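Notes follow once the structure below has been shown.
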Amino acid sequence: MLVGYARVSTQDQNLELQLSALKEIGCAKFYQDQISGARNDRPGLKLAMEVLRAGDTLVVWKLDRLGRTVKGLIDLVNQLQQNDVHFKSITDNVDTSTPSGRFFFHIMASLAQMERELVAERTKAGLAAARAQGRIGGRKRKMTKSKLESAQKLLASGVLPKDVARDLAISIPTLYRWIPASSY
């Protein structure tokens, strides 16, 4: 029996392409997750693994849908092989029911990890370049320069920290992070 597994990383991504390909290849059952591949607690994959029996094949649309690291992919496929279950990736043309398929799986898993590492490397380089140009990612800070000056003046004049925080629409921990209690 062919058992299909589909995964997307976020809730706003769509599983239809993967599910359509799994139906086309003849999967009898489908399991899916909308969760990062880096996470180990994927309920859909867990259910698929429980359903698989000797002689069955776990089918995915692409290797990276199953896992993010070579070690993770290889461990999972080894676990499948110990249970006499095969693995098939549609777009990567991997089928572990053959010796050449098993060899090709190891090559493709390595390439998938390299691609993931390259994406991470490019992201880090882009963030570094943005920082070098003075751009900082993330949320805008609640404590602006003018709020900091106002807070210092209010605290120096004897206003209670909780009142200063309320008046400036910031939390008390934010106030203490920027102006330690020992400084006024």
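Since this is a predicted model, take the numbers as computed values, not measurements.
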(request) Could you tell me whether the side chain of Gln81 reaches within less than 4.5 Å of the side chain of Asn78, counting heavy atoms only? (result) yes
(request) Before giving the answer on side-chain contact (heavy atoms from CB on, under 4.5 Å), spell out for Arg116 and Asp64 the whole-Å C-alpha distance, their side-chain angles and the decisive distance to 0.1 Å. (result) CA-CA 9 Å; Arg116 177 74 181 133; Asp64 66 352; over 6 Å; no
(request) Please check if the side chain of Arg166 supplies one atom and the backbone of Lys162 the other of a donor-acceptor pair under 3.5 Å. (result) no
(request) Any chance you could measure Leu148, atom CG, to Leu175, atom CG, to the nearest 0.5 Å? (result) 9.0 Å
(message) One pair to check against side-chain contact (heavy atoms from CB on, under 4.5 Å): Lys46 and Glu50. What are the steps and the verdict?
(response) CA-CA 6 Å; Lys46 183 179 178 187; Glu50 290 172 2; 3.5 Å; yes
(request) Could you walk me through whether Glu115 and Leu118 pass side-chain contact (heavy atoms from CB on, under 4.5 Å), step by step? (result) CA-CA 5 Å; Glu115 179 181 2; Leu118 288 174; 5.7 Å; no
(message) Closer than 3.5 angstrom, by distance alone: can the side chain of Asp56 be matched with the main-chain N or O of Val85 as a donor-acceptor pair?
(response) no
(message) I need the minimum non-hydrogen distance between Asp41 and Pro43, along with the two atoms involved.
(response) O-CD, 3.2 Å
(message) Could you tell me if the side chain of Lys88 sits less than 4.5 Å from the side chain of Leu2, heavy atoms only?
(response) no
(message) Starting from Val51, can I reach Leu58 by hopping between I/L/V/M/F/W/Y residues whose side chains sit under 4.5 Å apart?
(response) yes
(request) Please name the pair of heavy atoms, one in Leu19 and one in Ala6, separated by the smallest distance, quoted to 0.1 Å. (result) CD2-CB, 4.0 Å
(message) Could you tell me if the side chain of Leu80 sits less than 4.5 Å from the side chain of Leu52, heavy atoms only?
(response) yes
(message) Measuring only between side-chain heavy atoms, which start at C-beta, is Leu66 closer than 4.5 Å to Phe87?
(response) yes
(message) How long is the straight-line distance from CD of Gln79 back to CE of Met49, given to the nearest 0.5 Å?
(response) 4.0 Å
(message) So, taking the atom named OG in Ser150 and the one named NZ in Lys145, what distance separates them when rounded to the nearest 0.5 Å?
(response) 12.5 Å
(request) Drop me the distance from Thr91's OG1 to Lys62's NZ, to the nearest 0.5 angstrom. (result) 4.5 Å
(request) Would you name the heavy atoms of Pro161 and Leu155 that are closest together and state the gap between them? (result) CA-CD2, 3.9 Å
(message) Once rounded to the nearest 0.5 Å, what's the spacing between atom CH2 of Trp61 and atom CG of Leu17?
(response) 5.0 Å
(request) Output yes when a side-chain donor or acceptor of Lys147 lies under 3.5 Å from a complementary backbone atom of Leu168, and no otherwise. (result) yes
(message) Using only atom types and a distance under 3.5 Å, with no angle test, would you say the side chain of Arg135 pairs donor to acceptor with the backbone of Ala132?
(response) no
(message) Taking His86's backbone N and O only, do any of them form a donor-acceptor pair with Thr57's side chain (distance below 3.5 Å, no angle check)?
(response) no
(request) Could you grab the distance from atom CZ of Arg177 to atom OG of Ser171, nearest 0.5 Å is fine? (result) 6.0 Å
(request) Search all heavy atoms of Ala165 against all heavy atoms of Ile172 and return the closest pair with its distance. (result) CB-CG1, 3.8 Å
(message) Would a single hydrophobic cluster contain both Leu45 and Leu47, if residues Ile, Leu, Val, Met, Phe, Trp and Tyr are joined by side-chain heavy-atom contacts under 4.5 Å?
(response) yes
(message) Do Val94 and Ile25 sit in one hydrophobic cluster, given that two such residues count as connected whenever their side-chain heavy atoms are within less than 4.5 Å of each other, even indirectly?
(response) no
(message) To check you understand the geometry: which heavy-atom pair defines the closest contact between Leu63 and Leu73, and what is its length?
(response) O-CD2, 3.7 Å
(request) Give the C-alpha distance, both sets of side-chain angles, the deciding distance and a yes or no for side-chain contact (heavy atoms from CB on, under 4.5 Å) between Ile90 and Val59. (result) CA-CA 7 Å; Ile90 299 169; Val59 182; 3.8 Å; yes
(message) With heavy-atom distances below 4.5 Å as the criterion, would you say the side chains of Leu22 and Tyr5 are in contact?
(response) no
(message) Between Arg65 (side chain only) and Arg7 (backbone N and O only), is there a donor and an acceptor less than 3.5 Å apart?
(response) yes
